[in-house]
2 protein chains.
Amino acid sequence: MLPTNTAERLCKIYGILQMIKKDSGYVSSKELASMMGTTDFTIRKDISALNLVSFGRRGYHIGELSSVLGKALQLSRPYRSCIVGLGRLGSALLDYESFRGDGFDIVAGFDSNINKIERIRTQIAVYPVSELDQVVKNKSIEVGIIAVPHNSAQEVATTLVKSGVKGILNFSPAQIKVPSEVVLYNMDFTSALRFVVSQI
Amino acid sequence: MLPTNTAERLCKIYGILQMIKKDSGYVSSKELASMMGTTDFTIRKDISALNLVSFGRRGYHIGELSSVLGKALQLSRPYRSCIVGLGRLGSALLDYESFRGDGFDIVAGFDSNINKIERIRTQIAVYPVSELDQVVKNKSIEVGIIAVPHNSAQEVATTLVKSGVKGILNFSPAQIKVPSEVVLYNMDFTSALRFVVSQI
DNA sequence: GACTTATCGTGAATTTATTCACAGAAAGAG
DNA sequence: CTCTTTCTGTGAATAAATTCACGATAAGTC
Ligand SMILES: NC(=O)c1ccc[n+]([C@@H]2O[C@H](COP(=O)([O-])OP(=O)(O)OC[C@H]3O[C@@H](n4cnc5c(N)ncnc54)[C@H](O)[C@@H]3O)[C@@H](O)[C@H]2O)c1
Ligand SMILES: NC(=O)c1ccc[n+]([C@@H]2O[C@H](COP(=O)([O-])OP(=O)(O)OC[C@H]3O[C@@H](n4cnc5c(N)ncnc54)[C@H](O)[C@@H]3O)[C@@H](O)[C@H]2O)c1
């Protein structure tokens, strides 16, 4: 498996490639490095983990690199995903159309508040959280996005895992636990802000 | 200065301490480790960088550790912050009351859309983005949170830096550049989702 | 007060990540 | 066709981060 830091950077590179796809067909390690705030050797080392052979003095062919990365990172097919908790943040995520183009198919939203579910206006199907297990199984949802208050986060995570979700993106500040075979990534805004001021 | 990973974990620890403050007065490296998904030696090494002396068989005194961490990470005073871009995400952030309790004083919001500014209902003062420079200077705002579309992100970042902001949290997927003395942290949801599926 | 136990602090060992240095490949110029 | 330039790929060197091992300390127990 790819080293963690390498995988993280490769995901970033993949995103950049999607954005610049229309531009001239090649991109160099130096250009990528300057966009990502790292060095060209790091980029080359990262990419060299993919056994891509594309020499010359023009850099990497964007289409080719993109496709190799897509395979290595398993990004070449869309992932069925859901959002749990449709408050301020969750409903913003539900409405974010770019996810589809980025390879994430948001196919369901869940909330515990029935009134909220009735009021919500969106293309995406929304359900009471009591149906989470059933819907996740029926729709073979693989990724769960948690946007509930921190005191409900563990409970939601546990249900998601039981229902068969393979990966979780957690927006709550709660420290949740999942079995080691399930991938968990935390996006804690407050921690991020704290890190920023700690580095000032 | 603290090693990057250490600083990041210490911020997380600080957040945990704030949450469990009411509980019994001590917490051990093992407990922290299990909450954070790391090991007890790592926690102890991290904390040992702070020259905290607190022996015994009860672990760390929560109040004491919290105060030492607050000093080391410069978190012991509130930081004046602003949000630029009051769309779906930005307005959710503007409304997130917990930031205040977490030591971040959101004192202004900005948007380029005048109609939006008039319609927004919030306690926090909102301004057209044309006044950003002036307001940031007048209110001595230190931290900027970017929630504008990716094609405006660099422009906003440049203005924030010119106005004197010291740290930036960027929610757009754009790869923005700032002078090295300004702290930049990116929260790219799509990259995070990609990382999750790459690890599945 | 001696004994037991849970926990910390930290130097040393190990693993992981980054950086360097340079050979090799292709594109373009003359 | 040869020379120059601009890239990549990668083994070796360096740096950073994590893990281990264990002595030291204080709380609780008898
Ligand atoms: N809003 C922000 O800008 C912001 C910033 C930082 C962190 N967060 C975190 O993101 C999470 C969501 O924040 P928010 O502002 O959207 O909160 P919110 O209160 O607006 O929304 C939470 C939603 O979750 C629903 N909910 C509660 N328990 C549930 C359960 N067990 N199952 C399903 N749904 C449930 C509620 O009905 C509500 O609709 C929180 O953990 C918060 O700490 C939000
Ligand atoms: N909404 C989400 O859930 C989500 C998810 C992932 C990433 N993001 C990113 O977060 C950012 C904001 O997303 P959003 O969904 O809130 O977008 P949005 O379109 O709802 O809001 C963007 C806001 O920025 C304002 N704006 C545009 N240019 C500006 C400028 N130069 N100065 C000040 N304000 C300006 C617009 O008027 C609008 O109000 C985007 O970069 C998006 O890619 C959002």
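Below, read A as the first sequence line, B as the second, and so on, with proteins coming before strands; counting in each chain starts at 1.
Near DNA chain D, defined here as any heavy-atom distance below 4.0 Å, there are no residues from residues 191-199 of chain A. Of the residues in residues 38-48 of chain B, those with a non-hydrogen atom less than 4.0 angstrom from any atom of DNA chain C are Arg44(B), Lys45(B), Ser48(B).
Partners of Asn51(B) by side-chain contact (heavy atoms from CB on, under 4.5 Å), not counting sequence neighbours: none found. The side-chain contact (heavy atoms from CB on, under 4.5 Å) test applied to Leu52(B) returns Ile47(B), Ser54(B), Tyr60(B), Glu64(B), Leu65(B), Val68(B), not counting sequence neighbours.
For the OP1/OP2 pair of dT18(C) and a distance below 4.0 Å, the side-chain nitrogens and oxygens of Arg9(A) include at least one atom meeting the criterion. The side chain of Asn5(B) contributes an N or O atom lying less than 4.0 Å from OP1 or OP2 of dT18(D). Proximity of Ser29(B) to the phosphate of dC8(C): a side-chain N or O atom is located under 4.0 Å from OP1 or OP2.
Residue Leu2(A) contributes atom CG, which lies 14 Å from atom C1' of dT16(C) at whole-angstrom precision. Separating the CG atom of Asn51(A) from the C1' atom of dT10(D) is a distance of 12 Å, rounded to the nearest angstrom. dA26(C) atom P lies 12 Å from atom OH of Tyr26(A), rounded to whole Å.
In this structure, the side chain of Arg80(B) engages the main chain of Lys139(B) through a donor-acceptor pair within 3.5 Å. For Asp111(A) (side chain) and Leu86(A) (main-chain N/O), a donor-acceptor pair under 3.5 Å exists by modelled atom type.
Taking the ring centre of Phe104(B) as origin, the terminal cationic atom of Arg100(B) falls outside the region bounded by 6.0 Å and 45° from the ring axis.
Under a 4.5 Å side-chain heavy-atom criterion applied to ILVMFWY residues, the cluster that includes Val165(B) comprises Val84(B), Val107(B), Phe110(B), Tyr127(B), Val129(B), Leu132(B), Val135(B), Val136(B), Ile141(B), Ile146(B), Val148(B), Val156(B), Leu160(B), Val161(B), Ile168(B), Ile176(B), Val178(B), Val182(B), Leu184(B) as well.
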The test is side chain to side chain donor-acceptor pair (under 3.5 Å); show your working for Gln154(A) and Thr158(A) and say whether it passes. CA-CA 6 Å; Gln154(A) 180 62 64; Thr158(A) 306; 3.1 Å; yes
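Checking dT7(C), dG9(D), dA17(D) against the side-chain heavy atoms of Tyr60(A) singles out dG9(D) as nearest.
Legend: side chain to side chain donor-acceptor pair (under 3.5 Å) pairs involving residues 160-181 of chain A, not counting sequence neighbours, sorted by first then second residue: Asp133(A)-Ser163(A), Asn170(A)-Ser172(A), Asn170(A)-Asn186(A), Lys177(A)-Ser34(B).
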